[in-house]
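Below: the structure, in structure tokens.
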Amino acid sequence: MKKLIVGNWKMNGSAALLHDMIMGLVDFNVKNVDVVICPPYPYITMAAAMMCADKISVGAQDCSIHESGAYTGEVSVEMLRDCGAKYVIVGHSERRQYHNETNEMVKQKAMLVFASGMTPIICVGETQSEKESGQTLSVIEKQVRESVFVAPGVVVAYEPIWAIGTGLVATVDDVKTVHAHIATVLGSMGLSDTKILYGGSVKGSNASEILETENVQGVLVGGASLRIDDFVPIIDAVK
Ligand code: PEP
């Protein structure tokens with residue numbers, strides 16, 4: 001299965017960064033891997049126009065749960081598709097935490113993304129205290145069962161919350177165990193071919209061991225997707 005590398009810029013970046021990133025990636029020989037950049041909403045159209053579509057795709061970091069109407073400040077899936085987005089991240093832990101998004105809301109968003117012809121990247125992950133109290137697998141299983149919209153081609157990202165932006169990375173054994181469990185749960189939902197990404201402080205220095213771990217079909221990268229010199233080694237780590 002082709003690996004998938006997704007860069008989530010969060011609320012960072014600028015037109016200048018986008019330009020530098022795309023120029024850097026165009027020169028780089030991206031092969032055997034799908035690369036997606038998810039800049040903030042205002043840069044999606046610009047990114048899609050600049051991307052070399054067969055090499056790099058553009059994604060969004062979220063979408064509205066509504067299709068259209070009087071929802072000031074919201075952005076619909078149709079608008080994202082219209083602007084050239086091919087992927088949409090849904091249920092990122094920062095959305096769950098700061099915007100009270102529930103599994104049901106995440107699933108509804110994933111359904112809208114899929115229905116509009118884009119690929120949802122559905123995030124799940126446990127907190128530090130859930131990990132410490134031995135609840136990781138049960139928390140993740142509940143999130144997967146309740147947040148994943150069952151449809152071909154959806155992507156799931158396992159992002160332990162305690163590893164996001166902290167420099168802490170799950171051990172290879174932990175990644176192996178959790179990804180195997182997610183794969184089993186997805187299999188029981190009829191989604192055996194689903195790509196499962198790992199996210200949480202991925203860098204050039206740890207990308208290859210993570211990408212070579214069983215049941216890891218790619219990575220979701222935050223901080224290290226903001227500099228071409230940090231992002232390229234991660235793409236390069238795909239064998
Ligand atoms: C993320 O925000 O999805 C993420 C994984 O961030 P970081 O790589 O910075 O930990």
Side-chain angles (χ1 to χ4, degrees), residues 1-63 75 79-90 92-94 113 118-121 123 155 157-159 163-169 175 195-213 216-239:
M1 206 187 279
K2 213 169 176 191
K3 301 275 187 194
L4 177 63
I5 312 285
V6 183
N8 171 19
W9 284 13
K10 312 192 187 199
M11 200 171 71
N12 296 297
S14 61
L17 176 68
L18 188 62
H19 182 267
D20 288 354
M21 188 62 78
I22 289 167
M23 288 303 127
L25 289 174
V26 163
D27 285 346
F28 180 68
N29 192 8
V30 178
K31 49 179 187 206
N32 286 332
V33 56
D34 290 316
V35 178
V36 182
I37 303 235
C38 301
Y41 289 140
Y43 302 117
I44 289 177
T45 306
M46 198 190 300
M50 291 167 78
M51 294 295 180
C52 206
D54 56 331
K55 279 188 161 190
I56 306 148
S57 307
V58 185
Q61 300 170 17
D62 184 37
C63 63
V75 176
M79 293 168 189
L80 294 172
R81 195 189 45 78
D82 214 15
C83 291
K86 299 275 189 258
Y87 292 79
V88 182
I89 298 170
V90 292
H92 190 281
S93 61
E94 287 152 15
V113 172
M118 299 181 290
T119 301
I121 301 171
C123 300
V155 174
Y158 168 55
E159 297 206 298
I164 296 180
T166 57
L168 299 171
V169 189
V175 175
K195 283 187 181 171
I196 309 169
L197 314 184
Y198 170 80
S201 299
V202 175
K203 311 184 262 299
S205 55
N206 59 24
S208 53
E209 67 170 355
I210 292 170
L211 283 161
E212 279 160 26
T213 304
V216 174
Q217 284 88 26
V219 286
L220 178 49
V221 184
S225 68
L226 290 167
R227 285 190 62 239
I228 189 77
D229 293 349
D230 293 332
F231 198 45
V232 160
I234 296 173
I235 302 170
D236 219 7
V238 176
K239 295 289 179 301

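Note that the numbering runs from 1 along the sequence shown for the chain.
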Answer whether the closest heavy-atom distance between the side chains of [X] and [Y] falls below 4.5 Å.
X    : Y    : result
K195 : D34  : yes
L211 : I5   : yes
M51  : I22  : yes
L25  : I235 : yes
I228 : D20  : no

Strictly by side chain to side chain donor-acceptor pair (under 3.5 Å), give each pair with a member in residues 36-48 just once, sequence neighbours left out.
none

Is it the case that more than 12 heavy atoms not belonging to M11 sit under 6.0 Å from its CE atom?
no

Please report the shortest heavy-atom distance between [X] and [Y], naming the atom on each side.
X    : Y    : answer
P39  : G59  : CD-O, 3.5 Å
Q217 : M1   : CG-SD, 3.6 Å
A48  : G84  : CB-CA, 3.8 Å
V113 : P120 : CG1-N, 3.5 Å
A60  : C38  : O-SG, 4.0 Å
V238 : N32  : CG1-O, 3.9 Å

Measure from the side-chain N and O atoms of [X] to the backbone N and O of [Y], and report whether any donor-acceptor pair falls under 3.5 Å.
X    : Y    : answer
W9   : I37  : no
K10  : Q61  : no
Y87  : I89  : no
K3   : V216 : yes
N206 : S201 : yes

Can you sort out the partners of E209 under salt bridge (Lys or Arg N to Asp or Glu O under 4.0 Å), two or more places apart, ordered by chain and number?
none

Those residues at least two apart in sequence (or on a different chain) that pass salt bridge (Lys or Arg N to Asp or Glu O under 4.0 Å) with D82 are none

Interatomic spacing from [atom1] in [X] to [atom2] in [Y] - rounded to 0.5 Å:
X    : Y    : atom1 : atom2 : result
E159 : I121 : CD    : CD1   : 9.5 Å
E94  : N8   : CD    : CG    : 7.0 Å
S93  : I164 : OG    : CD1   : 3.5 Å

